[in-house]
Amino acid sequence: MSEPRDATPVNQGRAGEAEEGTRAGYPFRALEERAQRRWSDDRLFEIGDPMAAEKRFYCLNMFPYPSGDLHVGHGRNYILGDAVARLKRMQGYTVLSPMGWDAFGLPAENAAILNQIHPSIWTKRNIARMKEQLHAWGVGFDWTREIASCDREYYRWTQWIFLKLHEKGLAYRAKGAVNWCPSCQTVLANEQVEGGACERCGTAVAMRDLEQWYFKITAYADALLDDLSLLQQWPAKVRVMQANWIGRSEGASIRFVVAGEMAPLEVFTTRPDTLLGATFLAVATEHPLVTRLREEGKLGAEAEAFIDRLKRARIENRFAIEAEKEGFDTGVTVAHPLTGTPLRVWIANYVLMGYGTGAIMAVPAHDQRDFEFATKYGIPIVEVIRPETGPGYDRKAAYEGEGRMVNSGAFDGFSSEEGKRVVTDALKAKGAGESRVNFRLRDWLISRQRYWGAPIPIIHCATCGIVPVPEKDLPVVLPDQVAFKPTGESPLLSNEAFLKVDCPKCGGAARRETDTMDTFVDSSWYFMRFLSPRLETAPFDKDAVNRWLPVNQYIGGVEHAILHLLYSRFIVKVLRDLGLVTFSEPFERLFTQGMITKDGNKMSKSKGNVVPPDALIQRYGADTVRLYTLFIGPPEKDAEWNDRGVEGAYRFLARYWKMVEDVAGAQSVKGGREAPSAGSAAVDATSWAASGPARELRRRVHQLTQQICDDMDRFHLNTAVSGLMQLVNSVQDFQSAGGDPRMNEVREA
RNA sequence: GCCCGGGUGGCGAAAUUGGCGAGACGCAGGGGACUUAAAAUCCCCUGGGGGGCAACCUCCGUGCAGGUUCGAUUCCUGCCCCGGGCACCA
């Protein structure tokens, strides 16, 4: 953004003695203002008709939540994206680089409660402020395509997508144990719980039985896992995290006949080879069997007290009970499917209702948890797997490795590997089980009992039940007038006019759904809206989206490695199956940048270590801040902000500017053409003497140019900057040695 | 506990992924020039030890211990730290 040849007097913009502003004769303010003006005059960042572009590149920064002020850490994201976008532009691509706002969400609502300011006003104010900052930073976006997820023309289509999922049976309402944040007063998705605490506020999450809306992401578990192999240009780390989150495991489903009953008790295991070592069964407290026993009054008072205690502990904090294995014998007996041996069914605190069937076969000799439980309650332990070499089960701890089957009758001698197969086959022959794949991934809970989100487009009718809002009635507009109290109920309940509605089916009096959607629904499709941000007839222009997507380069923080990225992948696959898009993955290449820390900590208002960009830009210019941000370290790694480093970047630019002036002077200036974006330093070869030093410099220039381009392709922006520094050093060495090159040079971003 | 990363100068970091001398580039530090002085700017030095008046010479150095190789920051084995993710997932 700084071009040579501008005779602006030095010390432009000096504001008194306090400001060192433009020392060293580097008139950044004038240069930057002029560059900005020209970019906007040239509409440099706009792509025009999306269908016209031949060489396309879609470079996207994760759109931010408009929380207020940006700090230099946020800037890294945009500056990296800007560098990539500019490089691609210089390489002749039409680059789409849009910006928008993930504008629904809790902070706005909390601000409303706290400061009596409406979320929409608070949000708009923040957006205006952040836009100003982005502009000052010199980051180039196509602002004609700006979107905000809280705009009714945007969330209208979020609702539309909900309806499509509902049509397909992929959006459903169900009652079950859900995560509840007592502080945010809303339910949370499984993905939004970190170590038992709310990812937003850190409050310990409780469990509640509530009826909620879900997206059936589990229907795509296999596809989401398999297609990770298409994402070779994602960081391996992110792929691994997603794979672990989806958590596919292969094993067997086994049915145990319950004494005196028709319905068997089904369990899932990854180790059917240990079946002969199963000495008891264990179920979760919420298991249907337990529920029924209680209803029938078949559990004693002691058992009831035990369940109550566990439940209460879970309401307080479901993870606070990790320490010790506890359980209670239900008295129910099942038959071992192969031997017929009776096995007791226990209720155990370590069995989770949310995984598998909520019931397990316990093999104490080969599972540490079962071992601890069996030891505590005096349940028999039978060794059935012995390793080929080394120690196996030793009565002190379970042996969880593989080996050969023992104490398993006809199966003795099989390896674990073979055992899994032959035991499963035996079960299948008896109709007592079959092989089965299980996932850790659970359906995505999308309803929230909060105001500032897209209303779920559903109507509850006493006669027709759940009725989707007809497409023509979209959007279901979020009303302005509501009571902002964190009551645990949706604030929309307080607005009668919103609530009351005629049933679209029978015309009778009905009631609107008052929950809103998780903001991750908003952000799971926004990257497609940018192609046709004002389209009124569809969420996006199909042709344009299919032409431009997947996003070529997506840039954002690792904190979204699971949530946002998994949800977006899911929604894209659903839209693909609906015939709306032709691609299967939204983001071709992903880059997750590291955090910028200050005093070793993440920047936060509460820690008081936030580095705002404004004063720095004022003092040194945007180029300095941008250059330093790129130079601070490898972009994927965390880096510590250092004000001295900013000085260094400034010194470099000043030096560079001086060099350009010298060269321009030597060139007798007038040619006038300003070489806006040639992409790399180019030397006018014709004027080069074949003499030693000039030749040497020329060589060096070409070498470094090559290196800088390679570095940028590999995202080594820090070394690309160092390459530029070396380039300038070389030219200066040459100049001071008496050289007089004529050159046009240009900076990258 | 399991799964990923990563340990290089006072500091941030380079080394095009086994190759001619590790530490580019920058920060900090030291010395000098300019100045009445300061700021800014410019020049030189800066991993550690030892030697030489000197352009230099020499030894040791990429977390630790081994190994493969003509050659290892890079590959292999074991160990020690640091960061991150998942966490009673059967």
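Small disclaimer: the values here were computed from a predicted structure and weren't measured. Order of the sequence lines sets the chain letters (A, B, ...), proteins ahead of strands, with each chain counted from 1.
At the phosphate of B/A90, OP1 or OP2 sits under 4.0 Å from a side-chain N or O atom of A/Ser249. Distances shown here put every side-chain N or O of A/Arg644 at or beyond 4.0 Å from the OP1 or OP2 atom of B/G12. The phosphate of B/G12 (OP1 or OP2) has no side-chain N or O of A/Asn718 nearer than 4.0 angstrom. Dashed line: the shortest gap from a side-chain N or O of A/Lys637 to OP1 or OP2 of B/G5 is not under 4.0 Å.
Here the side chain of A/Met725 is nearest to one of B/C25, B/C86, B/A90, namely B/C25. Side-chain proximity of A/Gln726 to B/A90, B/C86, B/C25: nearest is B/C25. Nearest to the side chain of A/Phe631, among B/C89, B/A90, B/G26, sits B/G26. Closest contact between the side chain of A/Asn244 and the listed nucleotides B/G26, B/C3, B/A90 involves B/C3. When distances run from any side-chain atom of A/Lys325 to the nucleotides B/A87, B/C88, B/C4, the shortest one goes to B/C88.
Using the six-membered ring where Trp is involved, A/Phe570 and A/Trp444 have ring planes that are perpendicular, over 60° apart on the 30 and 60° scheme.
When Watson-Crick and G-U wobble pairs are counted only if both distances are under 3.5 Å, B/C25 pairs with B/G12. Remark: B/C2 base-pairs with B/G85. Criterion, Watson-Crick or G-U wobble with two distances under 3.5 Å. Judged by Watson-Crick or G-U wobble contacts below 3.5 Å, the nucleotide B/C42 has B/G32 as its partner. Partner assigned to B/C64 is B/G78, using Watson-Crick or G-U wobble distances below 3.5 angstrom.
Between the side chains of A/Glu250 and A/Thr270, not a single donor N or O lies within less than 3.5 Å of an accepting N or O.
The P atoms of B/G48 and B/A87 are separated by 47 Å, rounded to the nearest whole Å. For B/C27 and B/C43, the P atoms lie 12 Å apart once the distance is rounded to whole Å. Separating the P atom of B/G1 from that of B/C76 is a span of 24 Å, rounded to the nearest Å. Comparing B/G61 with B/U74, their P atoms are spaced 14 Å from each other, to the whole Å. Separating the C1' atom of B/G31 from that of B/U36 is a span of 22 Å, rounded to the nearest Å. Atom name P, nucleotides B/C89 and B/G5: the rounded distance is 23 Å, in whole Å. Comparing the C1' positions of B/C45 and B/C56 gives an interatomic distance of 16 Å, to the nearest angstrom.
Glycosidic conformation of B/U36 is anti; the angle lies outside 90° of 0. Base orientation of B/G9: syn, since the glycosidic angle falls within 90° of 0.
Enclosure of atom CD in A/Glu417 is not indicated, since only 12 or fewer non-hydrogen atoms of other residues, nucleotides or ligands lie within 6.0 angstrom.
Between A/Arg714 and A/Asn729, it is A/Arg714 whose nearest contact on RNA chain B lies nearer the 5' terminus. Both A/Asn642 and A/Asp370 sit near RNA chain B, but only A/Asn642 has its closest nucleotide nearer the 5' end.
Within the 3.5 Å criterion, the main-chain N or O of A/Ser249 finds no donor-acceptor partner in the side chain of A/Asn438.
The separation between A/Arg651 atom CZ and B/C43 atom P is 12 Å, rounded to whole Å. If you measure from atom CZ of A/Phe652 to atom C1' of B/C27, you get 15 Å, rounded to the nearest angstrom.
A/Gly648 comes within 4.0 angstrom of sugar-phosphate atoms only, judged by non-hydrogen atoms across all strands, and of no base.
The aromatic ring centroids of A/Tyr350 and A/Phe373 lie less than 6.0 Å from each other. Proximity of the aromatic rings of A/Phe280 and A/Tyr377 is defined here by a centroid distance below 6.0 angstrom, and this criterion is not met.
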